[in-house]
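Can you read through this structure? Questions will come right after.
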Amino acid sequence: MIIQPKIRGFICTTAHPEGCRENVAQQIAYVKSKGHYQGPQNVLVIGASTGYGLASRIDATFGAGAKTIGVFYEKEADEKRTASPGWYNTAAFESLAHEEELYAKSINGDAFSTDIKQRTAELIRKDLGKVDLVIYSLASPRRVHPVTGQVYQSTLKPIGKPFTGKSIDAFLGEVKDVTIDPANENEIANTIAVMGGEDWAMWMDYLASENLLADGIKTVAYSYIGPELTHAIYRDGTIGKAKEDLKATADALDKKLKSLHGEAIISVNKAVVTQASAAIPVVPLYIAILFKIMKQLGTHEGCIEQIHRMMCDHLYAANPPARDAEGYIRLDDLEMQPDVQQQIVALWPTITTDNLSQQTDVAGYRDEFYRLFGFNIPGMNYEAEVNPVVAIPSIDTVSSN
Ligand code: NAI
């Protein structure tokens, strides 16, 4: 099959196995260039196939030599369709880890379900004994509640009043005003049910009840705060409410884990191009301006650079810096520098369709978006035939719903 990108709205419906492999190989090379560190040994990553979760898995494996179990929900290829990028990423990650005799196994299915939790617990018990780090990095539009069977859909809406602001279609290169009506109570509750902390707590409580958490266990989930410009749609919107719930969950888990000398932490990360962030109105334009400024300053980072800092400078550092007033690890420190944010605020009102490509890094945004799916990798021949069917060496796949 000759595999080319097919963009539909803010998703790409194809992925390139060799391009995805190259993305993973580059992240591994970055971690190796930083040298080995004393870090976690037995790691569970929930949401391990793309974005921040994949970076966490790669960093723990190739930086600290950890054994990892990755849970995710990805599609295998068939005769007509390529696999999803997370499938190809994991195939590459596992085979590159196994080449170095590093343990890596994966479970593909709905992490919100009881079945996947049970399978994961069995695998931990059989192969690892206990885990000492659990990364919770799910980003999903939907959750089926494992007890009630109720289906929740998350929404990305403001709360209280409509929001009108600038947004871009990065592929058409157009700036337009969007108006988004506020969420109702039901939509807020649904978003909290999907992206809040209940499922993280269910994972941790279940693993604790099965005696699978090591003494000193750490668990980390990821959040975003961002600047005033995005607050109406993010921090003060439905997703922000879900992130507040995630924080309350972290605080409750932190108390519970004290009996194991453990901790539950939220790391606030920088805005990056992932499948999850592309879906949020306003955010792609913000990212396009942010990237331009941070690249000029030489402070631009992707997932892997930040996660490496999280592991080495925060979680496993001998003398980690203090967390912020609310107890967050702040990997968004470089994004939130006052000079960066002042430049964004100044540029924001001046951006139009005509000056978008000069004033912002919309080209860099597009490029990174394509790269998520294995496209736009320099030197890769996208006219060549490639076999879309790629196996993940150690996978347990379950179609839960
Ligand atoms: P992503 O879309 O790249 O990755 C999501 C992961 O969740 C994938 O591995 C996917 O397979 C898995 N997943 C989704 N639904 C699942 C299900 N039902 N069962 C099992 N696995 C499932 O997302 P990204 O951007 O890496 O987000 C991860 C976390 O980081 C989220 O909490 C997000 O809010 C947070 N974050 C993201 C930022 C961004 O700019 N992308 C910035 C700061 C925080």
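Atoms within each ligand, like the ligands themselves, are counted from 1 in listed order.
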Students should be able to answer this: which protein heavy-atom is nearest to atom 38 (C) of ligand 1, and at what distance?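 Of the protein heavy atoms, Tyr52 CE1, 3.6 Å lies nearest.
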
Under 4.0 Å from a heavy atom of Asp110: which atoms of ligand 1 are those, numbered in the order shown and with their elements?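 Heavy-atom distances to Asp110 below 4.0 Å select 17 (C), 18 (N), 19 (N).
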
Would you mind listing which atoms of ligand 1 come within a distance below 4.0 Å of any non-hydrogen atom of Ser140?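 In order of number, 15 (N).
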
Does His145 form a ring pair (Phe, Tyr, Trp, His ring centres under 6.0 Å) with Phe112? I'd like the steps, not just the answer. CA-CA 7 Å; His145 197 281; Phe112 296 127; 9.5 Å; no

Could you check atom 11 (O) of ligand 1 against the protein and tell me its nearest heavy-atom contact, residue, atom and distance included?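 For atom 11 (O) of ligand 1, the nearest protein heavy atom is Glu74 OE2, 2.8 Å.
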
Among Tyr136, Tyr222, Tyr286, which one has a heavy atom closest to atom 30 (O) of ligand 1?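 Of the listed residues, Tyr222 has the closest heavy atom.
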
As an exercise, identify every atom of ligand 1 less than 4.0 angstrom from a heavy atom of Lys243.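 By the 4.0 Å cutoff, the relevant atoms are 31 (C), 32 (O), 33 (C), 34 (O).
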
Inter- and intrachain pairs under salt bridge (charged side-chain N to carboxylate O under 4.0 Å, His left out), touching residues 359-379, at least two apart: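 Applying salt bridge (charged side-chain N to carboxylate O under 4.0 Å, His left out) to every pair that reaches into residues 359-379, excluding sequence neighbours, yields Lys295-Asp361.
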
Give the atoms of ligand 1, by number and element, whose distance to some non-hydrogen atom of Ser137 is under 4.0 Å.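 Ligand 1 atoms under the 4.0 Å threshold to Ser137: 5 (C), 6 (C), 7 (O), 28 (C), 29 (C).
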
Taking the side chain as C-beta and beyond, is there a heavy-atom pair between Gln38 and Tyr316 under 4.5 Å?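 Side chain of Gln38 against side chain of Tyr316, heavy atoms only: no contact under 4.5 Å found.
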
Per-atom contacts of ligand 1 with Gly51, taking only distances under 4.0 Å to non-hydrogen atoms: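 Near Gly51, the atoms of ligand 1 are 3 (O), 26 (O).
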
Please verify the inter-ring angle class for Phe375 with Tyr382; under 30° counts as parallel, over 60° as perpendicular, anything in between as tilted.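 Correct class here is tilted.
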
What pair of heavy atoms forms the shortest contact from His314 to Pro321, and how long is it?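 For His314 versus Pro321, the nearest heavy atoms are CE1-CG, 3.5 Å.
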
To the nearest 0.1 Å, how far is atom 4 (O) of ligand 1 from its closest protein heavy atom, and which atom is that?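 Looking at atom 4 (O) of ligand 1, the protein heavy atom closest to it is Thr50 OG1, 2.9 Å.
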
Would you tell me which option among Gly47, Ser267, Ala139 has the nearest heavy-atom contact to atom 14 (C) of ligand 1?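 Ranked by closest heavy atom to atom 14 (C) of ligand 1, first place is Ala139.
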
May I ask you to identify, for Cys303, whether its side chain, its backbone, both or neither come under 4.0 Å of ligand 1 on a heavy-atom basis?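 Neither; nothing of Cys303 gets under 4.0 Å from ligand 1.
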
At a 4.0 Å threshold, what atoms of ligand 1 neighbour a non-hydrogen atom of Ser49?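 Counting atoms of ligand 1 from 1, those under 4.0 Å from Ser49 are 8 (C), 9 (O), 10 (C), 11 (O).
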
With nothing but distance in play, are any N or O atoms of Tyr224 less than 3.5 Å from an N or O of ligand 1?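 N/O-N/O distance below 3.5 Å does not exist for this pair.
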
Are Asp332 and Arg330 ion-paired here, with the side-chain N under 4.0 Å from a carboxylate O?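 Here Asp332 pairs with Arg330 in a salt bridge, since their nearest N and O are under 4.0 Å apart.
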
Counting only nitrogen or oxygen atoms and a 3.5 angstrom limit, does Phe72 reach ligand 1?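 No, Phe72 has no N/O under 3.5 Å of an N/O on ligand 1.
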
Protein contact of atom 31 (C) of ligand 1 - nearest heavy atom, named by residue and atom, plus distance: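 Looking only at protein heavy atoms, the one closest to atom 31 (C) of ligand 1 is Leu138 O, 3.6 Å.
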
Do Glu187 and Tyr152 have side-chain atoms, one donor and one acceptor, less than 3.5 Å apart?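 There is no such pair (donor and acceptor under 3.5 Å, judged by atom type) between the side chains of Glu187 and Tyr152.
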
Measure from NZ or CZ of Lys157 to the centre of the six-membered ring of Phe163 and say whether it is under 6.0 Å with the direction within 45° of the ring axis.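 Output no; distance or angle outside limits.
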
Any idea which protein heavy atom is nearest atom 19 (N) of ligand 1, and the distance to it?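 For atom 19 (N) of ligand 1, the nearest protein heavy atom comes out as Ala111 N, 2.8 Å.
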
For the pair Tyr365 and Phe369, name the ring-plane relationship: parallel under 30°, tilted 30 to 60°, perpendicular over 60°.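 Tyr365 vs Phe369 ring planes: parallel.
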
At a 4.0 Å cut-off, with the gap strictly under it, does some heavy atom of Arg143 reach an atom of ligand 1?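 Arg143: no contact with ligand 1 (<4.0 Å).
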
Look only at interatomic distance and state if Val272 has a nitrogen or oxygen under 3.5 Å from any nitrogen or oxygen of ligand 1.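 Between Val272 and ligand 1, an N or O pair is found under 3.5 Å apart.
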
For Tyr222, does the six-membered ring have the charged nitrogen or CZ of Lys243 within the cation-pi criterion, i.e. under 6.0 angstrom from the centroid and within 45° of the normal?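 Judged by the rule (NZ or CZ under 6.0 Å from the ring centre, within 45° of its axis), Lys243 is not positioned above Tyr222.
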
Please indicate whether any nitrogen or oxygen in Thr274 is less than 3.5 Å from any nitrogen or oxygen in ligand 1.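 N/O-N/O distance below 3.5 Å exists for this pair.
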
Could you list the atoms of ligand 1 found under 4.0 angstrom from a heavy atom of Ala271?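 Listed by number with element: 40 (O).
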
Between ligand 1 and Ser223, is the shortest N or O to N or O distance under 3.5 Å?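 Looking only at distances, the answer is no, because the N/O contact criterion of under 3.5 Å is not met.
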
Among all the protein's non-hydrogen atoms, which is closest to atom 16 (C) of ligand 1, and how far away is it?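 Result for atom 16 (C) of ligand 1: Tyr73 CB, 3.7 Å.
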
Between Phe62 and His36, is the ring pair (Phe, Tyr, Trp, His ring centres under 6.0 Å) condition met? List the steps. CA-CA 8 Å; Phe62 290 92; His36 183 84; over 10 Å; no

Verify side-chain hydrogen bond (donor to acceptor under 3.5 Å, both in side chains) between Tyr103 and Asp127, making sure each step is shown before the conclusion. CA-CA 9 Å; Tyr103 174 101; Asp127 287 4; 2.7 Å; yes

Do Lys241 and Glu244 sit within salt-bridge range, that is, some charged N less than 4.0 Å from a carboxylate O?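 Counted as a salt bridge, because a side-chain N and a carboxylate O are separated by less than 4.0 Å.
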
Taking side chain to side chain contact (heavy atoms under 4.5 Å, CB included) as the criterion, tell me which of Ile192, Val194, Thr238 meets it with Ser154.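 That would be Val194; it is the only one of Ile192, Val194, Thr238 passing the side chain to side chain contact (heavy atoms under 4.5 Å, CB included) with Ser154.
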
As an exercise, identify every atom of ligand 1 less than 4.0 angstrom from a heavy atom of Gly109.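 Close to Gly109: 19 (N), 20 (C).
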
Among the heavy atoms of Lys270, does any lie under 4.0 Å from an atom of ligand 1?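 Yes, Lys270 has heavy atoms under 4.0 Å from ligand 1.
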
